[in-house]
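Reading through the structure tokens given below for one structure.
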Amino acid sequence: MSFVYLDGAWLRPEEALIPVGDRGFLLSDGIYEVTPAYRGRFFLMERHRARLLRGMCELRIDADITRVERVHEELLDRNELRDAEISYVYLQITRGVAPRSHAFPTDPVAPTVYAFAREYVRPSLERWNAGFDAITVPDRRWARVDIKTISLLPNVLAQQAAVDAGVKDALLVRDGVALEGAHNNFFAVFGETVVTHPNSNVILPGITRGYVVELARELGLEVEERPIQVEELARADEAFFTGTTTEIRPTVEIDGRPVGSGAVGPVTRRLFAAFIERLERHAAAR
Ligand code: PDD
């Protein structure tokens with residue numbers, strides 16, 4: 001039986017209802033965060049919290065998040081996910097319920113806070129070893145995608161384009177630059193150099209992205225944070241996406257053309273092995 005959290009109450013999903021005046025519903029006026037847990041232990045929770053706080057500041061949404069960690073923990077318990085290999089908590093905060101107008105409500109309203117937990121099943125090693133495919137899709141998003149807003153329509157359409165094309169990921173391209181995925185960050189590998197777009201207003205500062213950059217440096221790999229031109233992909237040796245619900249996903253084909261040899265490469269393998277080892281250690285320390 002599953003339970004979700006809504007404004008201080010623990011409810012069955014079908015009982016959790018929001019008023020039609022919620023500004024998240026009417027205006028996409030809200031923010032969200034997705035935090036993974038490995039065998040019931042949240043991973044990089046502090047970084048997710050910091051990103052949420054920064055976003056709330058940028059959007060001027062003033063919610064009390066002192067109990068947020070407690071809610072995360074309780075979601076795992078109430079949904080019997082404490083022993084799940086991988087699970088994640090989705091948390092959303094909107095500006096609250098008010099008569100519809102574009103500007104903020106003049107009388108302060110309480111933000112709406114909603115959260116649920118779900119299990120995540122990693123693809124089998126066999127599937128992972130075969131690699132995944134992607135297509136490039138024009139990036140149609142606004143100019144502040146560094147804020148994790150719930151306003152995801154361009155991401156939805158991009159991901160659907162990938163589904164329609166029968167591929168796994170959508171690689172968003174703007175002005176000839178491969179920025180990130182519809183719900184994950186993007187890396188290309190040239191020899192032993194790992195390249196990803198620098199954090200700026202045109203990508204989400206992925207928590208997994210940051211962790212993988214650190215991991216790559218620890219493994220002695222060269223890391224370059226710079227824009228990747230789409231044309232460069234023709235001579236990339238490897239490519240992969242990263243994210244909370246992606247982990248490290250090797251991409252062996254983009255727009256029908258093989259990346260490098262068309263097989264999962266050694267750098268991606270090394271990074272994934274190190275990543276899994278870290279996660280194992282993290283989970284074991286519970
Ligand atoms: N997506 N880029 C975009 C556009 C994203 O939506 C996400 C996360 C990422 C990866 O960030 P992180 O490593 O912190 O998960 C990059 C979440 C998981 C989602 O929308 O469900």
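Ligands are counted one by one from 1 in listed order, and the atoms in each one are counted from 1 as well.
Each of I248, D169, T244, L204 was checked for a side chain to side chain contact (heavy atoms under 4.5 Å, CB included) with N184, and the lone residue meeting it is D169.
Of the protein's non-hydrogen atoms, G206 CA, 3.4 Å is the one closest to atom 11 (O) of ligand 1. Summary of contacts: the protein heavy atom closest to atom 19 (C) of ligand 1 is Y32 OH, 3.6 Å. Of the protein's non-hydrogen atoms, the one nearest atom 13 (O) of ligand 1 is T208 OG1, 2.6 Å. For atom 10 (C) of ligand 1, the closest non-hydrogen atom on the protein side is N185 OD1, 3.6 Å. The single protein non-hydrogen atom nearest to atom 17 (C) of ligand 1 is K148 NZ, 3.3 Å, given as residue, atom name and distance. For atom 18 (C) of ligand 1, the nearest non-hydrogen atom of the protein is T245 OG1, 3.7 Å. In terms of protein heavy atoms, atom 7 (C) of ligand 1 is closest to H183 O, 3.3 Å.
A salt bridge between E225 and R217 is present, with a side-chain N of the basic residue lying under 4.0 Å from a carboxylate O of the acidic one.
Between E180 and ligand 1, a contact under 3.5 Å exists for at least one N or O pair. Considering backbone and side-chain atoms alike, R51 places an N or O below 3.5 Å from some N or O of ligand 1. Polar contact with ligand 1: absent for G243 (N/O pair, distance under 3.5 Å). On a distance-only criterion, T242 and ligand 1 share no N/O pair closer than 3.5 Å.
Atom numbering of ligand 1 starts at 1 in the shown order; those under 4.0 Å from a heavy atom of V34 are 21 (O). Listed by number with element, the atoms of ligand 1 under 4.0 Å from a non-hydrogen atom of A182 are 4 (C).
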Inset, instruction - May I have the step-by-step check of side-chain contact (heavy atoms from CB on, under 4.5 Å) for T35 and R49, ending in yes or no? - result: CA-CA 9 Å; T35 308; R49 184 196 171 86; over 6 Å; no

Inset, instruction - Go through the steps to decide whether F272 and F240 satisfy the test ring pair (Phe, Tyr, Trp, His ring centres under 6.0 Å), and finish with yes or no. - result: CA-CA 10 Å; F272 188 58; F240 57 89; 9.9 Å; no

Legend entry - Evaluation steps, ring pair (Phe, Tyr, Trp, His ring centres under 6.0 Å), between H282 and Y38: CA-CA 8 Å; H282 173 81; Y38 289 87; 7.1 Å; no

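Classification of the F43-F275 ring pair by plane angle, with boundaries at 30° and 60°, yields perpendicular.
Closest heavy-atom approach to atom 15 (O) of ligand 1 within the set L152, T35, T244: this belongs to T244.
Between the side chain of D255 and the main chain of T136, a donor-acceptor pair closer than 3.5 Å is present.
With a 6.0 Å radius and a threshold of 12 heavy atoms from other residues, nucleotides or ligands, E80 has its CD atom at or below the threshold.
With a 4.5 Å cut-off on side-chain heavy atoms, W10 and V71 count as touching.
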